[in-house]
Protein chains: 2
Amino acid sequence: MEYFYICGKRGMASKTKENYIKALFYLHQKNEEISLSDLGAELKVSKPTANDMVKKLKAEGIVVSERYKPIKITAKGKKLAATVIRKHRLSEMFLSQIMKFGWEEVHEIAEELEHIKTGKLFDRMDEILGFPTTDPHGSPIPDKNGNFNKREYRRLSEMPVGSTLIIKALRDSSAEFLQYLNKKSIKLGTKISVEHVEHFDGSYTIAYNGISNRVFGKSICDRLLVEEV
Amino acid sequence: MEYFYICGKRGMASKTKENYIKALFYLHQKNEEISLSDLGAELKVSKPTANDMVKKLKAEGIVVSERYKPIKITAKGKKLAATVIRKHRLSEMFLSQIMKFGWEEVHEIAEELEHIKTGKLFDRMDEILGFPTTDPHGSPIPDKNGNFNKREYRRLSEMPVGSTLIIKALRDSSAEFLQYLNKKSIKLGTKISVEHVEHFDGSYTIAYNGISNRVFGKSICDRLLVEEV
DNA sequence: ATATTTTGTTAGATTACTCTAACTTTATAC
DNA sequence: GTATAAAGTTAGAGTAATCTAACAAAATAT
Ligand SMILES: [Mn+2]
Ligand SMILES: [Mn+2]
Ligand SMILES: [Mn+2]
Ligand SMILES: [Mn+2]
């Protein structure tokens, strides 16, 4: 006998599905075509598990996929992803600006908040925050229609000696990296000037906050997104 | 082959279990001994479903139960319930005071927020709110050790003619009742005086907000908790 | 004291999500 | 071009939460 299994309203994506959709969206940004292995790795699940879910998402029109072929996210999938990412980033901004959490603390909490169904919670956050366009790590907050107003920033590691720059966003928002930046007093908006580039190892010598001669390795400069003043 | 199925950290109650624990706590407040039928009804699940969960909760020391005997919640169960209720009521207070939601809107959102694992979210709410002791409906917020500072208010329906009272809490926090109170401009803290009691049907004629001769039926007066001025 | 109703239990099944082990297909390397 | 490696699939199974149908025990009513 059939009965309806209710996880919230009918047709609504579960927390698990939402996490898959988000992962698919992030992977698609790096590479149009998504592999099952990457999807599994991203979500820390086995390939058969990821495969099963891809079949379900395919049936719902969220991805297209054929046997042995890479997965592609559909327009519907991207829109769903955007609504979850919107909830995530508005939450991070709210936690940071209104509740005074550090930018290294907000992601973990937002990872849970993003699955809350009641949309007006996020609309109210949006309103209280004054309709922000970026999250505390400089990533864009999609609008209610799922459109990202994506700014194309350059990596600090690409910029020449003599540049005067502002830190606009991060390519890594892990708590570890953010704690490192805290220690170095680097924030979004910090103005820096490139004093020297060591071409041998890609390290940068920069000045900021009135102090010069500060050295950062290539891997750090690769993670910092900047804009010319 | 056995493996660990992780829903959050090991030993942590799932969202479903938390809802059972909360329901058990509420039922225990009305009646020390809890029936499976009541538990099922409260959570809108079948008796076998409730029965299965009770067996699991028993194995975890959250309830005591024997075949065909009523269920009792243990001290451990009460403490767990209190932490969920604390999250719920702090959330309601935050949504109401800081995010300016109506008291009729907060319960639904808090029902989801209460399951968020990250404790510091609620500690920060507590701090921002100035360590409140009651929620927007006048119910006590348990402290971090699970202690309720329960005030024993009287029902308006028990009070005699001539009483001067303040509305302190509600015995029903459904959106429908709260919307009714909104329409009648009744809030927590509203000062009323009992002008007449119709013993035939239990209806009350009261004055408040400078207007007298306002009639409320018994079922309404039964839901309002008051304190003498 | 028996009949009826309520309450609780058992059995069998479904959905969602996950795993490991074994296999197949496709890609890469030499 | 075959050998090896990587990626994807299938099969079988487990946990958590839920259901219905059928039955058993306890409480209530007559
Ligand atoms: Mn984040
Ligand atoms: Mn998440
Ligand atoms: Mn509530
Ligand atoms: Mn809940």
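All heavy atoms count here, side chains included; hydrogens, waters and symmetry mates do not. Note that the structure is a prediction, hence the values are computed from the model and not measured. Quick note on labels: first sequence line is chain A, next is B, and so on, each numbered from 1.
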Measure from [atom1] on [X] to [atom2] on [N] and round the result to the nearest Å.
X     : N      : atom1 : atom2 : result
A/K15 : D/dA17 : NZ    : P     : 13 Å
B/K56 : D/dT15 : NZ    : P     : 11 Å
B/K17 : D/dT18 : NZ    : P     : 11 Å
B/M53 : D/dT15 : CE    : C1'   : 12 Å

Quiz prompt | Side-chain H-bond candidate by donor/acceptor type, B/H88 with B/H107, under 3.5 Å | solution = yes
Exercise. Have a look at A/T16 and say if it touches a base, only the backbone sugar-phosphate, or nothing, with a 4.0 Å heavy-atom cut-off.
Key: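 Sugar-phosphate, backbone atoms only, no base.
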Quiz item: What are the two closest heavy atoms between A/I141 and A/T134, and how far apart are they?
Solution: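 That would be CD1-O, 3.4 Å.
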Exercise. Output all residues satisfying ring-ring contact (aromatic ring centres under 6.0 Å, His included) with B/F25, sequence neighbours left out; order by chain, then residue number.
Key: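 Testing B/F25 for ring-ring contact (aromatic ring centres under 6.0 Å, His included), a comparison that skips the adjacent residues, returns B/H28, B/F148.
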Practice problem: Give a yes/no on whether any side-chain N or O of B/S46 is located under 4.0 angstrom from OP1 or OP2 of D/dC19. | Solution: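 Checking D/dC19 against B/S46, a side-chain N or O does come within under 4.0 Å of OP1 or OP2.
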Exercise. Using only side-chain N and O atoms of B/Y20, determine if any of them is under 4.0 Å from OP1 or OP2 of D/dA16.
Key: no
Quiz item: Say you draw a straight line from CE of B/M125 to CE of B/M99; how long is it, rounded to the nearest 0.5 Å?
Solution: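 B/M125 atom CE to B/M99 atom CE measures 9.0 Å (nearest 0.5 Å).
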For residues 168-181 of chain B, run the donor-acceptor check on the side chains, cut-off 3.5 Å, and write out each pair with its distance to 0.1 Å, sequence neighbours left out.
unit_1: B/R171; atom_1: NH1; unit_2: B/D222; atom_2: O; d: 2.8
unit_1: B/D172; atom_1: OD1; unit_2: B/S174; atom_2: N; d: 2.8
unit_1: B/D172; atom_1: OD1; unit_2: B/S174; atom_2: OG; d: 3.1
unit_1: B/D172; atom_1: OD2; unit_2: B/S174; atom_2: OG; d: 3.4
unit_1: B/D172; atom_1: OD2; unit_2: B/R223; atom_2: NE; d: 3.0
unit_1: B/S174; atom_1: OG; unit_2: B/F177; atom_2: N; d: 3.3

Exercise. Within residues 24-33 of chain B, find the residues that approach DNA chain D with a heavy atom at under 4.0 Å, and present them sorted by residue number.
Key: none
Quiz prompt | All pairs passing salt bridge (Lys or Arg N to Asp or Glu O under 4.0 Å) where residues 127-149 of chain B contributes a residue, at least two apart | solution = B/R89-B/D135, B/D123-B/K144, B/R124-B/E127
Please list, one pair per line, the donor and acceptor atoms closer than 3.5 Å that link side chains of residues 37-46 of chain A to other protein atoms, with sequence neighbours excluded.
unit_1: A/D38; atom_1: OD2; unit_2: A/S35; atom_2: OG; d: 3.4
unit_1: A/S46; atom_1: OG; unit_2: A/T49; atom_2: N; d: 3.4
unit_1: A/S46; atom_1: OG; unit_2: A/T49; atom_2: OG1; d: 2.9

Quiz item: Would you call B/E114 and B/K22 a salt bridge, taking side-chain N to carboxylate O under 4.0 Å as the test?
Solution: yes
Exercise. For each nucleotide in nucleotides 4-10 of chain C, reading 5' to 3', give B when a protein heavy atom comes within less than 4.0 Å of its base, S when such contact involves only the sugar-phosphate, and - otherwise.
Key: ---BBBB
